[in-house]
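Below is one structure, written out as structure tokens; comments come after it.
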Amino acid sequence: MATERRETVGRTLLVAFVLCIVCSVVVAGAAVALKPMQTANKTLDRKRNILAAAGMLDAGVHGKAGIEQAFGRFDVRLVDLDSGEYAAQDVAARAEFAPGRFDPLLAARDPALSRALGESEDIAAIGRRERFTLVYLLHENDRLSRIVLPIRGYGLWSTLYGYLVLEGDASTVVGLAYYDQKETPGLGGEVDNPKWKALWPGKKVYDEAGRVAIHVVKGSVTAGDPQAAHKVDGLSGSTLTSNGVTNMLHFWLGEDGFGPFLARLRGGTG
Ligand SMILES: Cc1cc2nc3c(=O)[nH]c(=O)nc-3n(C[C@H](O)[C@H](O)[C@H](O)COP(=O)(O)O)c2cc1C
């Protein structure tokens, strides 16, 4: 008696097709289900980075609750970079600027919320600059004591993303920290080296005339240099990344960045 042939090309293709559908449903389902968790982790990570840059991530800050509590000390403000003013209330109340929802980096890609920079303006090589961004202010004893500014700019291989933290005088550096960069480990990647980062606190970003003066030098700052307050040692063998750091600081502290906002704070009208 002839037995029926169970394995046919049609059945093999059907099994492969059904398997593909099942796997895609599982993968898509996992991606959708995990999205809120990923977003929450990303937000928590951003808060952790801001606290670290501000030197507030000490041994007493533990886990999610600790980070949320420490971050809660910041006053998060929406700044209009064109005017240097805090965004008007009706603007800040718009749904797109809702806390936890607004992402200045995404805004920088949106033509309605950003503008393309001309070649001569774009010294940080970022292409577009968002109109509104977030700053994080810490007040202690009714006094502004920390100003956290998001910055970004091109190094040699990558755009470096980080935070520059200034004291309440809007001129003295508390710290500079990058949370995302793809420079070469051991060369440009030394922007993350704690020893190099330790060179920044106390540096003055503006000169007496209010011009951006901070810069990373090639080699070491000479002992006794009268301009030493504006200079930081270069990263060894990494002049191109070092120049990228200088350029992004000049952009974000200048007229097209936070210059007008910081000038207002220095003038006591913040
Ligand atoms: C594989 C490789 C990776 C490099 N990575 C970096 C880097 O991340 N940042 C940087 O400024 N220079 C990097 N350089 C070196 C630059 O090409 C350039 O020589 C250097 O920035 C010049 O700095 P110096 O004048 O201090 O030597 C790299 C070079 C090579 C060959």
Side-chain angles (χ1 to χ4, degrees), residues 42 45-46 48-55 57 103-106 108-109 114 116-130 133 148-166 171-207 211-259:
K42 212 171 133 192
D45 198 46
R46 185 173 48 77
R48 185 189 292 113
N49 290 325
I50 292 169
L51 288 168
L57 200 61
D103 181 346
L105 293 177
L106 290 180
R109 288 193 232 148
S114 65
L117 295 165
E119 207 175 310
S120 60
E121 296 172 297
D122 194 10
I123 52 176
I126 55 174
R128 304 188 68 86
R129 194 220 66 193
E130 58 280 19
T133 191
V148 182
L149 308 170
I151 59 167
R152 65 183 185 280
Y154 212 76
L156 173 58
W157 308 113
S158 65
T159 299
L160 294 90
Y161 298 86
Y163 295 103
L164 172 69
V165 187
L166 298 178
S171 191
T172 310
V173 176
V174 171
L176 172 71
Y178 291 103
Y179 60 88
D180 188 13
Q181 53 82 17
K182 293 177 184 62
E183 302 299 282
T184 311
L187 288 170
E190 290 295 288
V191 288
D192 283 340
N193 188 323
K195 281 193 191 146
W196 188 70
K197 291 200 287 188
L199 302 174
W200 288 86
K203 296 292 173 184
K204 302 282 180 193
V205 294
Y206 295 108
D207 64 14
R211 287 176 301 233
V212 184
I214 188 85
H215 62 284
V216 182
V217 299
K218 189 166 165 65
S220 304
V221 180
T222 320
D225 182 339
Q227 295 298 311
H230 303 307
K231 297 180 181 178
V232 175
D233 295 353
L235 294 163
S236 182
S238 306
T239 299
L240 299 176
T241 303
S242 302
N243 290 347
V245 172
T246 297
N247 291 340
M248 81 179 78
L249 291 178
H250 279 244
F251 177 83
W252 288 104
L253 293 165
E255 278 305 301
D256 292 314
F258 292 103

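Atoms within a ligand are numbered from 1 in the order they appear, just like the ligands themselves.
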| message | Evaluate Phe258 against Leu164 for side-chain contact (heavy atoms from CB on, under 4.5 Å), listing each step before the verdict. | response | CA-CA 11 Å; Phe258 292 103; Leu164 172 69; over 6 Å; no

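Between Asp233 and Val216 the shortest side-chain heavy-atom distance does not fall below 4.5 Å.
Inside a 4.0 Å radius of atom 31 (C) of ligand 1 there is not any protein heavy atom. At least one protein heavy atom sits closer than 4.0 Å to atom 5 (N) of ligand 1.
Counting only distance, with no hydrogens or angles, the side chain of Tyr206 and the backbone of Leu253 share a donor-acceptor pair below 3.5 Å. In this structure, Trp252 contributes its side chain and Arg152 its backbone to a donor-acceptor pair below 3.5 Å. Thr241 contributes no side-chain N or O that, together with a main-chain N or O of Gly155, makes up a donor-acceptor pair within less than 3.5 Å.
The shortest contact between atom 1 (C) of ligand 1 and any protein heavy atom is with Trp157 CZ2, 4.9 Å. Closest protein heavy atom to atom 28 (C) of ligand 1: Leu187 CD1, 3.7 Å. With respect to atom 3 (C) of ligand 1, the closest heavy atom belonging to the protein is Thr184 OG1, 3.3 Å. Counting only heavy atoms of the protein, atom 18 (C) of ligand 1 lies nearest to Leu240 CD1, 4.1 Å. In terms of protein heavy-atom proximity, atom 24 (P) of ligand 1 is nearest to Thr239 OG1, 3.1 Å. The protein atom (non-hydrogen) at minimum distance from atom 25 (O) of ligand 1 is Lys218 NZ, 2.3 Å.
Every atom of ligand 1 with a heavy atom of Thr241 under 4.0 Å away is listed here by number and element: 7 (C), 8 (O), 9 (N), 10 (C), 11 (O).
When every heavy atom of Tyr163 is checked against every heavy atom of Ile151, the shortest pair comes out as N-CG1, 4.2 Å.
Taking a cutoff of 4.0 Å between a charged side-chain nitrogen and a carboxylate oxygen, Arg129 and Asp256 do not qualify as a salt bridge. Ion pair Asp45/Lys42 not flagged as a salt bridge, since none of the NZ, NE, NH1 or NH2 atoms sits closer than 4.0 Å to an Asp/Glu carboxylate oxygen.
Comparing Pro185, Gly188, Ser236, Gly237 by heavy-atom distance to atom 7 (C) of ligand 1, the nearest is Gly188.
Counting heavy atoms closer than 4.0 Å to ligand 1, residue Leu156 contributes side-chain atoms (C-beta onward) but none from N, CA, C or O.
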